[in-house]
Amino acid sequence: MKRWRRLFVPRSLGGKLVWMLTAIGLGGAVAITMMLAVVITPTFERLEDAAVDGHVERTHIALRDFAAKVERASRDQGERFATLPAPAMADADIDGVAYVAPDRSIRARWIDPATRRDMPPMHDRWTAGIAAIDLDRRLGTRGSASFYLRLDDRLAAVGVARLRDGVAAAPDGFVVMARTLSSRELAGLIGQRAAIRFDSAGSERRVATSARSLRIAVPVVGADGAPVADAVFTVRRDLTMLGRQLLWLSVGGTLLLLLIVLAVLTRMIAQLVLRPLATVERHMQAVRKSGTMRVLPQDRRDDEIGSLVTSLNAMLRQLNDLSEQVEAQSFTLGRTESAVAVMHNVRNALSPISTILSHGLAQPPVADRAVVDRAIAELADDTVSPTRRRKLAGYLSAAAQATMESRLERVRQLEIGRAALHQVLEIIGQQQHASHERPPVDPCDVTDIVARNAAIARYSRERSIAFSFPAQPRWVLANRVILSQVIGNLFANASEAIAAQSEEGGQIAVTIAEAAGEVIVTIADDGEGFDPSDAPMLFQRGFSTRTNKSGGLGLHWCANAVVAMGGRIDLFSDGRGRGARAVLRLPAAKAMVNQAA
């Protein structure tokens with residue numbers, strides 16, 4: 001259930017965008033399909049109706065033309081056919097001829113055009129058909145007319161014409177001619193596969209619709225205006241199928257276009273939005289895991305993503321500066337707190353000594369020295385009485401005893417003071433031992449540290465100093481705060497050497513290389529340099545090559561700090577006035593990580 005929920009209710013931005021685009025695409029496809037169906041389908045239905053009307057109209061015209069030919073034949077050749085000659089009927093492509101006298105008597109003939117022989121069954125049907133028609137009423141005031149007549153299973157086009165005055169043996173009457181219309185002839189007339197059916201169901205056209213064709217039935221009107229047969233033909237629904245194909249092609253093309261647009265939009269969104277956001281997220285996770293505020297490299301973009309990355313990098317730089325400040329302050333505070341703690345312990349250990357000394361200084365003497373001397377002088381005098389001697393001897397004995405006890409108490413107090421002083425010495429020794437322990441190290445980018453200290457050193461003096469250093473990150477295992485102080489101290493020494501060499505300024509070039517599991521940072525300057533023989537003494541406490549300085553802890557502290565981090569510093573120079581090189585070797589982070597693994 002949760003898997004289906006994650007599938008249909010995605011949490012990621014990319015999944016939501018894909019679902020939104022999919023929903024928009026489906027909605028657009030449905031809307032376009034409906035619009036095309038509403039526009040295309042009625043249009044082609046109207047075209048199909050117009051085509052049906054055209055087919056019906058052409059059928060009517062073909063039927064009228066076929067009947068009109070028979071009518072013209074009856075009108076133009078009525079006198080010749082009044083005698084019902086068979087050869088003339090066959091030549092004129094006439095199947096049946098009848099002469100209707102004014103008294104309604106009928107003289108008729110029906111032949112087979114192929115054999116030119118009479119067909120008695122058709123003669124009877126033909127005569128009965130004519131007898132059932134009121135020709136005067138059908139013609140009215142016209143001289144000729146035409147209509148269709150059903151003769152059992154045959155349909156005949158009938159032409160009627162009045163005979164003019166002066167015709168032999170028949171001053172008045174009608175000449176009626178007939179020509180059968182077969183399904184094959186009907187198909188030839190209308191250009192469609194057609195058939196004549198006699199199951200007519202009305203005077204209106206009928207259209208039966210199937211998926212691919214239309215079955216059209218056109219009524220054939222008889223003498224009284226009622227249909228006597230149907231001209232039935234089938235036509236393909238080309239327009240409808242074309243409309244359907246056009247509809248499906250339009251829908252398919254629209255869906256394909258929507259799919260392409262959705263795919264392109266999805267790819268563009270992934271390329272322009274989701275992938276940069278994923279890069280930002282991965283970078284932030286890397287920053288969170290490593291603790292190093294490295295900026296995110298980016299191509300220049302003028303859109304919102306570019307603005308976001310620019311703001312993020314600015315924030316990371318600011319956080320890095322603040323982090324370095326906090327680390328430096330924490331380092332200084334830690335040293336201060338450590339010193340305060342040591343001094344507190346030293347003060348506690350020295351307090352007994354101070355008390356002992358204060359007590360010893362404030363304690364009055366046990367016996368007055370003048371009194372003791374006078375008592376001894378009196379004892380040396382032989383004239384002093386024995387009683388006096390005994391008193392003086394008791395006094396001196398008591399004074400000696402008190403002096404001895406005072407001396408013993410002082411010795412005890414001195415022993416306590418010696419123990420307290422020994423404790424102070426142990427505290428100081430322990431602090432010195434702790435100061436030589438290796439500080440905690442982490443992977444850090446020495447290139448970034450060099451760049452930041454170079455920016456500080458460039459503006460630290462009035463003289464112009466040009467810096468050059470690589471941009472490729474190099475990771476070492478070191479204490480970033482201590483390493484930054486070491487590099488800053490080396491830059492400061494190089495700046496002082498340049499200032500001592502020239503008033504126009506100089507150049508400091510930094511190169512960083514990696515070899516044999518360690519990173520080698522070389523800081524070369526074109527300053528005053530030093531005598532190569534002085535190189536062994538440069539790291540001694542208080543030694544300085546400059547006469548205006550009394551020495552300091554700079555290089556001595558730097559050497560001890562780098563050694564504590566597992567590295568080494570070497571100083572080289574080709575002589576005075578020829579610059580100097582400080583080579584700093586630190587363990588590479590990758591090598592240390594692989595070694596630890």
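Just so we're clear, the structure is a prediction, and the values are computed from it rather than from any experiment.
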Going through the checks in order, is the side-chain hydrogen bond (donor to acceptor under 3.5 Å, both in side chains) test met by Arg388 and Ser385?
CA-CA 5 Å; Arg388 180 64 177 173; Ser385 63; over 6 Å; no

Side chain to side chain contact (heavy atoms under 4.5 Å, CB included), that's the test. Do Phe491 and Val510 meet it? Break it down for me.
CA-CA 10 Å; Phe491 280 169; Val510 181; 3.9 Å; yes

Steps toward side chain to side chain contact (heavy atoms under 4.5 Å, CB included) verdict (Asn313, Gln318):
CA-CA 8 Å; Asn313 288 337; Gln318 185 178 8; over 6 Å; no

Evaluate the side-chain hydrogen bond (donor to acceptor under 3.5 Å, both in side chains) criterion for residues Arg267 and Gln271: first the C-alpha distance (whole Å), next the side-chain angles of each, then the deciding distance (0.1 Å), finally the verdict.
CA-CA 6 Å; Arg267 185 172 182 84; Gln271 183 73 23; 5.3 Å; no

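The distance from atom CD of Gln485 to atom CZ of Arg480, rounded to the nearest 0.5 Å, is 12.0 Å. Of the inter-residue distances, the one linking Leu274 atom CG with Thr266 atom OG1 reads 9.0 Å to the nearest 0.5 angstrom. For the atom pair Glu518 CD and Arg585 CZ, the distance stands at 5.0 Å (nearest 0.5 Å). Taking CG from Leu584 and CD1 from Ile523, the interatomic distance works out to 6.5 Å, rounded to the nearest 0.5 Å. With rounding to the nearest 0.5 angstrom, the CD atom of Glu528 is 9.0 Å from the CD atom of Glu496. Taking CZ of Phe469 as the start and CD1 of Ile449 as the end, the distance is 12.5 Å to the nearest 0.5 Å.
Under the 4.5 Å side-chain criterion, counting only non-hydrogen atoms from C-beta, Leu477 is not in contact with Asp442. Counting heavy atoms from C-beta on, the side chains of Pro440 and Asn479 come closer than 4.5 Å. Under the 4.5 Å side-chain criterion, counting only non-hydrogen atoms from C-beta, Val476 is in contact with Leu483. Asn493 is not listed as a side-chain neighbour of Asp525, based on a closest heavy-atom distance of 4.5 Å or more. Side chains of Ile487 and Val446 form a contact here, defined as non-hydrogen atoms less than 4.5 Å apart. At least one side-chain heavy atom of Arg581 sits under 4.5 Å from a side-chain heavy atom of Asp574. Counting only heavy atoms from C-beta outward, the side chains of Met284 and Leu312 approach each other to under 4.5 Å. Residues Val583 and Ile520 form a side-chain contact, since some pair of their non-hydrogen atoms from C-beta on lies under 4.5 Å apart.
Of all heavy-atom pairs between Ser573 and Gly579, the closest is OG-O, 2.7 Å. Here the closest non-hydrogen pair linking Arg576 and Asp534 is NH2-OD2, 4.3 Å. Across every non-hydrogen atom of Thr447 and Gln472, the tightest pair is OG1-O, 2.8 Å. Between Val486 and Ala561, the shortest heavy-atom distance links the atoms CG2-CB, 4.2 Å. For the residue pair Ala582 and Leu571, the shortest heavy atom distance occurs at CB-CD2, 3.6 Å. Across every non-hydrogen atom of Gln507 and Asp526, the tightest pair is N-OD1, 3.0 Å.
Dense packing is recorded around CE of Met315, with more than 12 heavy atoms of other residues, nucleotides or ligands lying under 6.0 Å away.
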